[in-house]
Every structure is written in C-alpha cells, then in structure tokens.
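Each chain gets a letter, A, B and so on, in the order its sequence line appears, and its residues count up from 1. The figures that follow rest on heavy atoms only: side chains count, while hydrogens, waters and symmetry mates do not.
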Protein chains: 2
Amino acid sequence: MVSIGVRGGGYSQATCLSCPARPRMLCAGLDDEFLPALNAISSKVTLEKGENLFIEGDRSTYVYNVIEGFLRLSRLGQDGRRQVLGFLTTGDYLGHTSRSEYTLSAEALSDLKVCRFRREDLQGLLSTYPRFERQFHHMTAGLLDDMLDLVFTIGRKNALERVASFLVYQMDRKSVSDTMPGSIWLPMTRADIADFLGLTLETVSRAFSRMKKNGVISIDHAHTINILDRGRLIDLSEGNG
Amino acid sequence: MVSIGVRGGGYSQATCLSCPARPRMLCAGLDDEFLPALNAISSKVTLEKGENLFIEGDRSTYVYNVIEGFLRLSRLGQDGRRQVLGFLTTGDYLGHTSRSEYTLSAEALSDLKVCRFRREDLQGLLSTYPRFERQFHHMTAGLLDDMLDLVFTIGRKNALERVASFLVYQMDRKSVSDTMPGSIWLPMTRADIADFLGLTLETVSRAFSRMKKNGVISIDHAHTINILDRGRLIDLSEGNG
DNA sequence: CGGCGTGTTGACCCGAATCAAGACCGGTGG
DNA sequence: CCACCGGTCTTGATTCGGGTCAACACGCCG
C-alpha cells in the first residue's frame with residue numbers, strides 16, 4: 001500500500017513582486033503593471049513533506065505553480081497499482097485539466113511552497129491579458145510534449161534505457177545556474193522512480209548498479225547521482241548501448 | 001521497417017459556414033460572426049491513405065483539425081522502434097506543440113480531409129477572440145488528460161487489460177448518433193494497436209482471441225469488433241478479470 | 001487462380017517481476 | 001557514545017508474462 005498523507009497546508013497572502021521564482025513561473029512573461037491583478041487572485045500555500053496538495057477525485061478548482069520544493073504526481077488503481085506521472089519543482093505548474101475532478105494526486109516530497117489560483121478567477125484575467133493566456137497555454141503544450149516523451153519511453157524502451165532516459169531528463173531540467181553541475185539530486189525514492197517508469201524498484205536499483213559498474217555514473221548516498229560520462233548516458237537512453 | 005508514405009495532399013479554400021464537422025471542431029464555440037475571420041486564415045487539405053500530413057522534424061508551422069477520415073500519430077526511434085501516440089478522427093486536432101519542430105509523424109489511415117491553420121495566424125485571432133483561445137486551450141488540456149490515461153495504461157496494466165482499455169476508450173469516443181451501437185470500427189492494423197499499447201501484434205491478437213473465447217466480444221473481418229458484454233469489458237480493463 | 005499483406009496460433013526463450021535475504025543509513029533512546 | 005529499529009536500497013535465486021520465431025490461415029486484388 002501507498003501512504004496518502006494528510007491534505008492541508010498553511011496559507012498566506014502572495015506578493016508577486018517579490019516572488020523568487022518569478023522568472024520560471026506562469027507569470028514570467030507579464031509586465032510589472034499586471035502583477036497587482038494577479039496578486040489579487042493568488043495565494044501562497046505551504047505544505048510539509050508527505051502532505052497532499054490534492055488527491056484524485058477532488059474537484060479541480062485550483063491551478064498551482066510551484067515556488068519552492070518538490071512534489072510528485074501519481075495515480076492509483078483500485079488494487080493499489082500506482083503510476084507516477086511526474087516530479088515537479090520550482091516553476092512547474094499543475095492542476096490544469098479539462099475534467100471537473102483531478103485524475104491525479106499531488107504529494108509533497110519535501111517542504112513545499114506553491115502559488116494557488118482559482119481557475120475561474122484565472123479565466124477572467126485571461127480575457128484581459130491575452131499574453132498571460134498564451135504563456136499558460138504554452139506551458140500546457142509543454143506538459144503534453146513531456147507526456148509524449150514519457151509514453152515513448154515506457155512503451156518502447158527496456159529497463160536500462162528507461163532509467164538512463166530518466167537521468168537524462170533530470171539532467172536537462174536543471175537550471176544553468178547550478179551549484180553542482182554533473183550531479184543530480186533526486187529527492188524521490190527508488191519506488192517512486194520505478195512507478196514513474198513502469199518498472200519495479202528492484203529493476204531500477206539494478207539499472208543504477210549496472211551504470212555504476214560501467215563507469216557511466218557514480219552514486220553518493222543513493223539520492224545524489226554523478227554523471228561521469230554524459231555522452232554514454234545519452235547513448236544508453238536511446239538504445240545505443 | 002515502417003513505411004513513411006508520401007507527404008503531400010490537395011488544397012482548397014475552406015468554407016467554415018458549411019463545415020460538416022463544425023460542432024466537434026476547434027471553432028465549435030464561436031458565433032457565426034467570427035467565422036469569416038477564421039475562414040480567412042484556414043484552408044482545407046485532403047490526403048490519401050498512406051500519406052503523411054507531417055513527419056517528425058518538420059517545422060511545426062501548422063495546426064490541424066480533422067474534418068473527416070482517420071489518422072495515426074507516431075514516433076520512430078533510430079533503430080525502428082515505433083510508438084503510436086494516438087488515433088484521430090473527426091473533430092480532433094493535432095500539430096500543437098511547444099517545440100519548433102514536430103516530434104511526431106501524422107499519417108492518414110484513410111482518405112482524409114483536414115482544416116489547416118498557420119500557428120502565427122491563429123495567435124492573432126486568439127487575442128481578438130478570447131473565447132476561441134479558451135476552446136483551443138481546453139482541447140490541449142483534454143489531450144493532456146488522454147495522455148495521462150495512456151501512461152497509466154501502458155505503465156501499469158498487463159496485456160489483456162491494455163487491449164480491453166483500448167476498446168473501452170474507442171467505445172466511449174463514438175458519437176451518440178451512431179449507426180452501429182455496440183460495435184466498433186477499427187481502421188488501424190493489429191501492429192498499430194500494438195505500437196500504441198507498448199505490445200507486439202501477436203500479443204494483441206491473442207488478447208482479442210481470449211476475449212472472444214470468454215464471450216466478451218465477437219469479431220467480424222478483424223476490423224469490426226462487437227462488444228457483447230460491456231460491463232465485463234470494463235472490468236477487464238481495470239484488472240478485475 | 002496465385003500472391004501478398006494481414007491476422008491467428010503454437011513452441012520456445014528471455015527480461016523483468018517476484019520472492020527472499022541482507023546491507024546501509026538516519027533517527028531515537030538508553 | 002553506542003545499540004537498536006524501521007525504512008530504504010542492493011543483490012541473488014527463481015518464476016512467469018509477453019517477446020520472438022515460425023507456420024499457417026484468411027481475404028483482397030490483379
């Protein structure tokens with residue numbers, strides 16, 4: 001079984017002007033003059049590790065933008081089978097769906113700070129500031145592109161290729177201004193990675209071990225992976241092993 | 001290897017007012033007064049079975065809306081592995097991506113008629129008619145939801161469950177005004193279905209055979225599936241076999 | 001009628017799942 | 001400080017579902 005955690009979290013008024021994550025957020029493209037309007041309809045929510053922002057079946061009232069921290073999107077089948085749909089961090093947004101209820105749960109993998117918008121409030125703004133709508137739509141299209149990549153990965157790649165693809169993706173997502181280039185911090189467990197890639201945690205562990213043995217990566221403390229041979233990792237991820 | 005077909009197709013001026021697919025299209029929500037503007041930036045394209053509307057790597061200049069016919073979206077790995085991302089028909093739209101090049105190919109599975117928009121032209125309209133942008137964005141979000149379902153299906157379901165899920169999906173997508181309720185017309189091959197579900201064509205064939213033997217479906221001519229026991233099919237698709 | 005693309009079915013094999021044991025690591029309390 | 005404990009990770013042995021290989025059936029078209 002999988003722990004669901006406790007829904008909840010603290011709330012406080014947002015101040016978009018001082019938002020540290022601004023350049024990577026939904027509001028990235030907006031001129032400062034629009035911020036007050038945005039400020040009026042947004043609020044900050046903080047969660048502790050293990051809490052859920054929402055779970056499958058909740059009415060899809062809100063859209064969120066991650067300010068700081070990590071979270072995991074997942075779906076659970078009746079019999080406990082779990083599929084992880086993504087790992088999100090600063091700048092990512094979530095909660096947008098065409099359906100009236102979320103089909104996913106969003107759980108904090110660390111202490112988490114997010115910016116929350118009521119969807120209907122957002123609709124109002126969108127008509128007034130088309131540029132915002134465009135940015136919003138563009139981010140949805142980006143998520144779609146990411147999901148297409150994921151479908152290819154889990155539909156047609158073997159275990160080693162999937163794990164390598166996962167590492168390449170995490171590598172590429174890291175911001176350029178990065179304290180530790182060449183090494184990746186993975187806040188999620190092996191089970192989370194396995195449920196993301198359609199594998200078991202044992203298979204993920206074995207894939208890491210193989211890449212370690214081949215000198216492609218090295219591992220400190222299980223959650224910090226050092227990429228020793230970037231080119232070879234990419235080859236592995238594409239099946240040119 | 002997989003045949004790529006020939007890119008091409010005939011062109012003619014669109015007349016949105018008389019479009020038979022209107023209620024299911026991108027333009028569904030628009031008042032008649034907006035149609036001339038839409039008309040001005042759209043054109044109809046017709047393709048024959050086997051032709052490609054676009055292939056991976058083409059610049060993503062256009063967005064399309066299917067008026068009539070079927071098509072298949074797929075991605076090809078260097079070594080020939082193929083993943084099918086979807087089967088589209090009347091009302092579906094395609095070609096929208098956050099990237100400058102398509103990461104998919106779109107091939108006609110039958111003679112095909114689509115409505116084509118240049119993306120930048122569309123951007124202009126979107127600012128003028130926010131309702132249109134909303135409809136457009138809503139359809140993108142719908143595609144994203146569909147992809148999340150697909151990820152769960154291929155990541156966590158076994159062969160029989162995947163094929164059952166595929167049939168349930170095709171069943172639900174059929175319009176209410178339907179000449180043959182309880183039976184599904186599948187224009188794609190077993191290999192296409194296999195590449196959609198992350199299986200082999202043999203495994204798909206065996207799954208159909210098992211469902212036939214159990215009295216859940218019957219099959220005429222391989223491309224017409226009759227659903228004999230809808231409830232049991234849904235159970236199968238969810239792993240309550 | 002023959003040929004080819006597509007679909008079905010069977011025999012066998014292999015990669016990842018499952019089952020199981022032990023190692024590691026961080027946190028807690030004596 | 002160290003002993004203990006629970007959660008996580010690694011590694012090995014075995015099993016099994018679906019892939020692979022192969023033969024044949026079907027249906028369509030020339």
State yes or no: are the ring centers of A/Phe87 and A/Phe196 separated by less than 6.0 Å?
yes
Discussion item. Hydrogens and angles aside, do A/Lys212 and A/Ser218 bring a side-chain donor and acceptor to less than 3.5 Å of each other?
Written reply: no
* Name the nucleic acid region contacted by B/Thr189, choosing base, sugar-phosphate or nothing; use a 4.0 angstrom heavy-atom cut-off, strictly under. => sugar-phosphate
Open item on the list: Under a 3.5 Å cutoff, is there a donor and acceptor pairing between the side chains of B/Asp146 and B/Tyr169?
Closed with: yes
Distance alone, cut at 3.5 Å: any donor-acceptor contact between the side chains of B/Asp220 and B/Asn226?
yes
TODO: Evaluate the side-chain contact (heavy atoms from CB on, under 4.5 Å) criterion for residues B/Glu107 and B/Ile55: first the C-alpha distance (whole Å), next the side-chain angles of each, then the deciding distance (0.1 Å), finally the verdict.
DONE: CA-CA 8 Å; B/Glu107 182 182 331; B/Ile55 65 173; over 6 Å; no
### Query
Is a donor-acceptor contact shorter than 3.5 angstrom present between the side chain of A/Arg206 and the base of C/dG15?
no
A/Leu201 atom CG is separated from C/dA21 atom P, nearest whole Å, by 17 Å
**Test side-chain contact (heavy atoms from CB on, under 4.5 Å) applied to A/Thr89 and A/Arg173, step by step** = CA-CA 10 Å; A/Thr89 187; A/Arg173 269 172 60 88; 3.7 Å; yes
Here the distance between atom P of C/dC24 and atom CZ of A/Arg190, to the nearest Å, is 15 Å
Outer limits of DNA chain D sitting under 4.0 Å from a non-hydrogen atom of chain A, read 5' to 3', are D/dC9 to D/dA13
When rounded to whole Å, the CD1 to C1' distance for the pair A/Ile219 and C/dA23 reads 15 Å
Task: Polar side chain donor-acceptor pair, B/Arg75 to B/Ser105, under 3.5 angstrom - done: no
Between NZ of B/Lys49 and P of C/dG5 the distance, given in whole Å, is 13 Å
Contacts of A/His221 and A/Thr200 projected onto DNA chain C by closest heavy atom; the upstream (5') one is A/Thr200
Rounded to whole Å, CD1 of B/Ile193 lies from P of C/dT6 at a distance of 13 Å
Atom CG of B/Leu109 and atom P of C/dT6 are separated, to the nearest Å, by 12 Å
note: B/Phe208, atom CZ; C/dT6, atom C1'; distance rounded to Å ~ 14 Å
Requested in this report: Return no unless some side-chain N or O of B/Ser209 is found under 4.0 Å from OP1 or OP2 of C/dT9.
Outcome: yes
Between CZ of A/Arg81 and C1' of C/dT18 the distance, given in whole Å, is 15 Å
Kindly say if B/His223 contacts the phosphate of C/dG7, meaning a side-chain N or O under 4.0 Å from OP1 or OP2. yes
Considering just the side-chain nitrogens and oxygens of B/Ser205, establish if one lies under 4.0 Å of OP1 or OP2 belonging to C/dG7. no
*Indicate, with a heavy-atom threshold strictly under 4.0 Å, whether B/Leu199 touches base, sugar-phosphate, or nothing.*
sugar-phosphate
